[in-house]
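The structure under discussion appears below in the form of structure tokens.
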Amino acid sequence: MTQQEGKIIKKRRVSYLPSIISIALVLFMLGLFGIILINGKKLSDHIKENFQLTIFFRDDVKEADIKRIHLLIESSEYTRKASYVNKEEAAKDFAKELGQDFVNFLGFNPLLNSVELFVKSNYATPEKIAKIEQEIRKNPEVTDVVYQKTIIEEINENVKTVGTILIALSIIFLLIAITLINNTIRLNLYARRFLIKSMQMVGATHSFIIKPFVIKSFLHGLYGGIIACFLMAGLLYWLPFWVADLQMLYDTAQFAILFAVIIIAGIIISMVSSMISTNHYLRMKIDDLY
Amino acid sequence: MEHKIVIELNDATVFQGHNLILSDVDIKIAKGEFWYLIGQTGSGKSSLLKTLYGEIALEKGAGKIADFDLSTLKPKDIPFLRRKLGIVFQDFQLLTDRSVYENLRFVLKATGWKSENDIKTRISEVLEQVGLATKDFKMPHELSGGEQQRVVIARALLNHPEIILADEPTGNLDPKVSDDIMSLLIQISKNGTAILMATHDYRIIQKFPGKILKCEAGVVHEADSVSHF
């Protein structure tokens, strides 16, 4: 290769860089939204799984019976965690909170033995909770099941609203991504429209002309996707330094899937765009190109 | 023995979009002949050439070029028709993003050449023929207008065409360079390639005489000399 050739090739590569960067930034935006989507789901699960029901037992029930019911609840499919709190422990905790030894003051312990139940996130809806409550209440040993009904309703209401907004936004973001990438590629091909026509004039078939453009946009989509993934990985690495407790929401497997989806989306969008645009210019008459 | 007819139009009508440009066109061009296509700007010279290379469909009348029937030509046949033609344009239409060598290599690759050795040999041959043997590494914009037109002619010659269609090939060139290009085209036609060249350059026609077709008032007829211009 002569020196001049080397220079020319270098120049040509540089001219594609802006479009690769545009693709990368759009994909990064899409990826950020993906991260929000994944973490939003995890956040709502996290809130739902920390919703607590307290099951109180009659004072005359033997500890063995309580333990039997505890075990029964613990092994139910809706249970994430269930822990038995006997009334002495509860009194100690309560006294600590109160700052006063109320058992001594009263002369007896007014608290009841209880089981604290946390349900799995998919059971944390008002209807399912009500059903679980009913089922537990069937045990004659249980005197009461207490939880904050309004909170579980509110959580579900908010999750539903936020979920709808997120789905709407994700459709909008995807459309924005497709439009921007498509425009980038179309501009690239618009600049080469006379080239495409010239190729037709010398007897090249459509498929022969399209192939290199599609291969190029495959690579651009791939490079753009990889750059976007690096940006996302950087962000995910640095974010926990600024926002505490974020790390616990991280799920490497889900992020890996997100990265793969972003790269594949970049490749597919840019390949399809370049196929459509090249075909468009191939079918145009030469006079319409000016 | 009479030479083989390579371009033939009978009672052909040329449209540009919905506009009738030329009607009752009868042309017969044999192998190795050199024809000028003259007429004022807008008289239909380019449209007639476009009909011949398949850019405009022949909707009425009969036409045959390089064994392709123009009236039944399908879009997918057009690339194969163009492989039998060499087309030379006023504005060159080189692939501006690659070197002269790559421009020529693209055509050979597109027309089914596989061996890089054969490709290299053929490119050297045609560049030699147009006098540009040492410029294969240049980008089109690094060449003068005359040199670019030589590359276009070299490109047209790659697949040994029976016909070269030239649409004002000297339109952007100065007289000296135009003469060089004309000498080259005449030489090519002497080697057996039919050439149909649109032009409105009287000087050239006087200096390099050939047969003349004239587009005028919606018809094409044979003219004896430039005096009929």
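Throughout, protein chains are lettered first and strands after them, A, B, ... in sequence-line order, and every chain is numbered starting at 1.
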Minimum heavy-atom separation for A/Lys285 to B/Glu55, with atom names? NZ-O, 2.5 Å

Which atom of B/Gln93 lies closest to which atom of A/Met201, heavy atoms considered: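 So the two residues come closest at OE1-CG, 4.1 Å.
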
When you look at [atom1] of [X], are more than 12 heavy atoms from neighbouring residues, nucleotides or ligands closer to it than 6.0 Å?
{"X": "A/Glu157", "atom1": "CD", "result": "no"}
{"X": "B/Lys60", "atom1": "NZ", "result": "no"}
{"X": "B/Glu128", "atom1": "CD", "result": "no"}
{"X": "B/Lys64", "atom1": "NZ", "result": "no"}
{"X": "A/Phe33", "atom1": "CZ", "result": "yes"}
{"X": "B/Lys31", "atom1": "NZ", "result": "no"}
{"X": "A/Arg80", "atom1": "CZ", "result": "yes"}

How far does CZ of A/Phe194 sit from CG of B/Leu94, to the nearest 0.5 angstrom?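 Those atoms lie 14.5 Å apart.
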
Within this structure, what is the OG-CZ distance for the pair A/Ser198 and B/Phe89, rounded to the nearest 0.5 Å? 7.0 Å

Portion of B/Phe106 that has a non-hydrogen atom of chain A nearer than 4.5 angstrom: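 Both backbone and side chain.
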
So for B/Lys109, is it side chain, backbone, both, or neither that comes closer than 4.5 Å to the heavy atoms of chain A? both

Answer whether the closest heavy-atom distance between the side chains of B/Arg82 and A/Gln200 falls below 4.5 Å.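 Heavy-atom side-chain distance check passes, below 4.5 Å.
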
Output the option from B/Thr96, B/Leu95, B/Asn103 having the highest count of non-hydrogen pairs under 4.5 Å with chain A.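 Most pairs with chain A among the choices: B/Leu95.
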
Relative to chain B, which of A/Thr205, A/Ile209, A/Leu195, A/Ile196 shows the most heavy atom pairs under 4.5 Å?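 Top option by heavy-atom pairs under 4.5 Å: A/Leu195.
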
